[in-house]
Amino acid sequence: EVQLQASGGGLVQAGGSLRLSCAASGFRFDDYAIGWFRQAPGKEREGVSCISAYDGSTYYEYADTVKGRFTTSSDNAKNTVYLQMNSLKPEDSAVYYCAAIVGLRTYGVTWFMLYEYDFWGQGTQVTVSS
């Protein structure tokens, strides 16, 4: 059974940092993708980052809006993916979700659309005050 559990959200001042965790179970971290998405009230859910692994390699991708500030990583021993968020801005405020593709179908692709993800965790609220 594949399960994802997002946690680590909270309230932080602009310029601060926060680390989100996505605890995963039910699949191996050798052929997968875990993406972070966020959704602010009244806005569409948007992709933030993606970590994927296949053929023994790991790939990292970021939306332009967070590139240089956010870092996604994995701790395979803990079956957990992280999103380290630095230099936070008020516009980063949103509910953050992690999602997984288990068993990649299109090798060579390292960024995936929302509809391509198979499993979703619950959201965790991130609020950045100015």
Side-chain angles (χ1 to χ4, degrees):
E1 179 184 4
V2 173
Q3 290 186 305
L4 303 172
Q5 193 81 39
S7 62
L11 175 63
V12 64
Q13 293 184 354
S17 298
L18 212 57
R19 188 180 75 164
L20 306 184
S21 298
C22 179
S25 63
F27 65 96
R28 297 175 179 176
F29 277 26
D30 59 3
D31 184 10
Y32 80 101
I34 289 184
W36 287 96
F37 293 80
R38 65 187 183 186
Q39 187 167 27
K43 297 185 67 178
E44 296 291 313
R45 191 170 298 185
E46 63 175 345
V48 175
S49 69
C50 180
I51 179 171
S52 61
Y54 58 88
D55 290 342
S57 298
T58 305
Y59 305 89
Y60 308 87
E61 300 285 354
Y62 302 93
D64 289 342
T65 50
V66 306
K67 197 170 297 181
R69 299 188 296 122
F70 291 10
T71 303
T72 189
S73 62
S74 66
D75 185 335
N76 292 356
K78 296 182 178 180
N79 299 114
T80 300
V81 165
Y82 302 98
L83 182 68
Q84 178 67 46
M85 305 185 295
N86 298 326
S87 301
L88 283 163
K89 305 173 181 179
E91 51 262 46
D92 294 318
S93 296
V95 177
Y96 282 71
Y97 302 86
C98 61
I101 300 169
V102 179
L104 297 175
R105 278 80 73 178
T106 307
Y107 292 92
V109 178
T110 56
W111 180 265
F112 305 92
M113 304 297 288
L114 185 152
Y115 68 85
E116 297 183 271
Y117 286 85
D118 301 310
F119 305 97
W120 291 81
Q122 88 294 345
T124 185
Q125 177 71 53
V126 172
T127 303
V128 184
S129 63
S130 60

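Partners of Lys78 according to the side chain to side chain donor-acceptor pair (under 3.5 Å) rule, which considers only residues two or more places apart in sequence or in another chain, do not exist here. Listed by chain and number, the residues in a side chain to side chain donor-acceptor pair (under 3.5 Å) with Asn86 are Ser17, Gln84 (sequence neighbours excluded). Qualifying salt bridge (Lys or Arg N to Asp or Glu O under 4.0 Å) partners for Arg69, counting only residues two or more places apart in sequence or in other chains: Asp92. Checked against disulfide (SG to SG under 2.5 Å), Cys50 has no partners two or more places apart in sequence or in another chain. Gln122 pairs by the side chain to side chain donor-acceptor pair (under 3.5 Å) definition with Gln5, not counting sequence neighbours.
Within the 4.5 Å cutoff, the side chain of Phe70 has heavy atoms near those of the Leu88 side chain. When side chains are defined from C-beta on, Ser49 counts as touching Leu83, because their heavy atoms get closer than 4.5 Å. Under the 4.5 Å side-chain criterion, counting only non-hydrogen atoms from C-beta, Ser74 is in contact with Tyr32. No side-chain heavy atom of Thr71 sits less than 4.5 Å from a side-chain heavy atom of Tyr82. Taking the side chain as every heavy atom from C-beta outward, Val95 and Thr124 never approach each other to under 4.5 Å. Annotation: side chain of Val126 is in contact with side chain of Leu18 (closest heavy-atom distance under 4.5 Å). No side-chain heavy atom of Tyr62 sits less than 4.5 Å from a side-chain heavy atom of Val48.
The pair Arg105-Asp31 does not meet the salt-bridge criterion, since no charged nitrogen lies less than 4.0 angstrom from a carboxylate oxygen.
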Checklist entry - Going through the checks in order, is the side chain to side chain contact (heavy atoms under 4.5 Å, CB included) test met by Tyr54 and Thr110? => result CA-CA 10 Å; Tyr54 58 88; Thr110 56; 4.0 Å; yes

Checklist entry - Between Val2 and Asp118, does a side chain to side chain contact (heavy atoms under 4.5 Å, CB included) hold up when you go through it step by step? => result CA-CA 10 Å; Val2 173; Asp118 301 310; over 6 Å; no

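With hydrophobic clusters built from ILVMFWY side chains whose heavy atoms lie under 4.5 angstrom apart, Leu104 does not share a cluster with Phe29. Leu114 and Phe119 fall into different hydrophobic clusters, where Ile, Leu, Val, Met, Phe, Trp and Tyr side chains are chained together by heavy-atom contacts under 4.5 Å. No single ILVMFWY cluster, assembled from side-chain heavy atoms under 4.5 Å apart, contains both Trp36 and Phe112. Ile101 and Ile34 are not part of a single hydrophobic cluster, where members link through side-chain heavy atoms under 4.5 Å apart.
Closest of all the heavy-atom pairs between Ile51 and Ser73 is CD1-C, 3.9 Å. Of all heavy-atom pairs spanning Leu20 and Tyr96, the tightest one is CD1-CB, 3.6 Å. The shortest heavy-atom contact between Lys43 and Gln39 is O-NE2, 3.1 Å. Ala63 approaches Gly47 most closely through the heavy-atom pair CB-O, 3.5 Å. Closest approach of Pro90 and Ala14 over heavy atoms only: CD-CB, 4.2 Å. The two residues Leu4 and Ala24 make their nearest non-hydrogen contact at CD2-CB, 3.7 Å.
A donor-acceptor pair shorter than 3.5 Å cannot be found between the side chains of Gln13 and Ser129.
With a 6.0 Å cutoff to the six-membered ring centre and a 45° limit on the axis angle, Arg38 does not count as a cation-pi contact of Tyr97. Both the sub-6.0 Å distance and the 45° axial angle are satisfied by Arg45 relative to the ring of Trp120.
Remark: side-chain polar atoms of Asp75 are paired, donor with acceptor, to backbone N or O of Ala77 under 3.5 angstrom.
Note: Lys89 NZ to Thr65 OG1 = 8.5 Å, rounded to the nearest 0.5 Å.
Clustering of Ile, Leu, Val, Met, Phe, Trp and Tyr side chains at separations under 4.5 Å places Tyr115 together with Met113.
Taking the ring centroids of Tyr117 and Phe37, they lie under the 6.0 Å cut-off.
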